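Here the structure is laid out as structure tokens; the discussion comes afterwards.
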Amino acid sequence: MRTARIASIIALEALREQWKNRFFQLVVIFSGVLLYAALLLGAMAVEQERRVLLDFGQGLIELAGLASVVLGCAYAVLRDMETKTIYLILSRPVPRRAYIAGKYAGILLGAACAMACMAALHILLLKFRGAAPGAGYAAIIFSSWLKAAVAGALTVLVSLISTSALSALSMAGIFWTLGHFTQELRFISSRLSPAAALLSKLLIWIIPDMGLLNLRDAYAAASAAAPAWGMIIGYSAVYSLVCLALASFIFSRKEF
Amino acid sequence: MTVPALRLSGLVKIYSRSHLGRVTKTTGLSGLDLTVNSGEIFGLLGLNGAGKTTAMKLALGLLFPTAGEIAVLGLKAGTDEAKSLVGYLPELPYFYPYLTPVESLEFYARLSGVPGGLIKERAAAMLEKTGLAPHAKKRTGEFSKGMLERLGLAQALVHDPRLLILDEPVSGLDPLAVWDFRELFLELNRAGKTLFLSSHSISEVEKICHRVAILKAGRLAALVGQNEWKSAPGGLEEIFVRTVREK
């Protein structure tokens, strides 16, 4: 109970930090400008205007949300360590796991707000062009946020192992990209020698399965079945929790 | 019998740093025994690298001991219970630059478990006590070093701790701020707080401390009481120089 209370205090501070550092506003303005560019693209696509507008906008929201979470997670703890503000926090009765959970939750909350604003802007643009967002719109944005959440948890873990924001960002980028090719990796591993297949299976376990969370493609395919929400949310939650638990363990052994 | 504010027993700290598979070990403290009594102002003197900051960070749970034990007011150091009784002022306190001092103090008060209804009152009182009230609406990013140090002291006091651990609290301050800090330390001590501070300013330590420990290469080289330095011809400075030069 006390850990949750402390985590919520840290989370609200992390949210305020995002707001005051203007990154949140920047994301919204940046997306507004690019969504306007999407309108131009849509006009050029003529008959496929709705499709282009929808895909471009949703892709942009996903990337902006991902960038916001991954950057936030890569720098959140490391910046506090570098500036030594962490001394004033950890010399208080603050459980280290609450600090990690709070920072992560605050960043996710900030990204959720930013993505919701961008989605609202996107829907307005679609309506303005006489197109409907479609039935799966909210589900797609939510799944994009889940992808960002998974990538963010992994980034927190990597940032504590590598103690460099740049390497954490690079690793997150690599894992995020590879995560979209887990099906292909499974296929390749079935054709490898036993030793190589074992290594490849291990890699598949470690890499987040972004394909599972990629509802944009699922909705685009006409034959797609209804999303398995239990699996999608459960996988995201378990993957993120395992990353955060490992991050908390590493952080609990750090000295300042 | 009163519980000591701080007890360090056989404290050893060895820093291990690994670079390209090569491990370098540096001794921070080697078997330090020290007791700070409740209600006293205790000074820690020593040359750079003598182990003053290491001892303080170990008492706060920011570092972990290699061997030995630390008790804060009878509680195991580093536990949440022990931390809630301690206020810490680091040598160079840093704050989130986008926050005002009021917002900073409220944040730290919340983390320290100050009841919700008292947070604003405590933050305002600490700003007043440390002379920051006229700057309440500025962002801490605009603060000078002296103002940051004052805010550092305010955050250390915001939860009304019983033990204050102050790392070089007057270094780099102007004479007026040094005077203000000294008066505040004496006032806090009269109110029953224990102060454990490190400093390079022997004259400051001499003015306010009841006892002083001189550290040398991570060990306790001398423990000096107020009466001893008052009766010594060269005061505490001479005792310090003689102690650190002894082989």
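This is a predicted model, so every value here is computed, not measured. The sequence lines fix the lettering, A, B, ..., with proteins before strands; numbering per chain opens at 1. Side chains included, hydrogens not; waters and symmetry mates left out as well; all remaining heavy atoms used.
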- Could you have a look at A:I10, A:D80, A:I86, A:I6 and say which one has the most heavy-atom pairs with chain B under 4.5 angstrom?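 Maximum pair count with chain B is reached by A:D80.
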- Message: With chain B as the partner, which of A:L88, A:I89, A:V94 has the greatest number of non-hydrogen pairs under 4.5 Å?
- Response: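 Of the candidates given, the most pairs with chain B belong to A:L88.
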- Ignoring hydrogens and angles, state whether a donor on the side chain of A:S252 or A:R96 is under 3.5 Å from an acceptor on the partner side chain.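 There is no such pair (donor and acceptor under 3.5 Å, judged by atom type) between the side chains of A:S252 and A:R96.
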- Message: Between B:T53 and B:D167, is there a side-chain donor-acceptor contact under 3.5 Å, judged purely by atom types and distance?
- Response: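 Yes, B:T53 and B:D167 have a side-chain donor paired with an acceptor closer than 3.5 Å.
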- Region of A:R253 in contact with chain B, defined by heavy-atom distances below 4.5 Å: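 A:R253 touches chain B through backbone heavy atoms alone.
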- Query: Relative to A:Y99, does A:R97 satisfy both conditions: NZ or CZ under 6.0 angstrom from the six-membered ring centre, and within 45 degrees of the ring's axis?
  - Reply: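 That pair does not qualify as a cation-pi contact.
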- Taking the six-membered ring of B:Y15, is the NZ or CZ of B:K13 close enough (under 6.0 Å from the centre) and on axis enough (within 45°)?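 Yes, B:K13 and B:Y15 form such a contact.
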- Message: Between the side chains of B:K57 and A:E255, is the shortest nitrogen-to-carboxylate-oxygen separation below 4.0 Å, so that they form an ion pair?
- Response: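 A salt bridge is absent here (no side-chain N lies under 4.0 Å from a carboxylate O).
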- Query: Side chain, backbone, both or neither: which part of B:L92 has a heavy atom under 4.5 Å from chain A?
  - Reply: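 For B:L92, no heavy atom lies under 4.5 Å from chain A.
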- Task: Counting only heavy atoms closer than 4.5 Å, note whether B:E103 contacts chain A via side chain, backbone, both or neither.
- Result: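 Contact with chain A: backbone and side chain both.
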- Relative to chain A, which of B:Q155, B:H159, B:E81, B:R110 shows the most heavy atom pairs under 4.5 Å?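 Highest number of heavy-atom pairs under 4.5 Å: B:Q155.
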- Item | Winner by heavy-atom pair count (cut-off under 4.5 Å) against chain A, out of B:I165, B:L60, B:L63 |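 Between B:I165, B:L60, B:L63, the count favours B:L63.
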- Query: Under 4.5 Å between any side-chain heavy atoms of B:Y96 and B:T140, yes or no?
  - Reply: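 SC-SC contact between B:Y96 and B:T140 ruled out.
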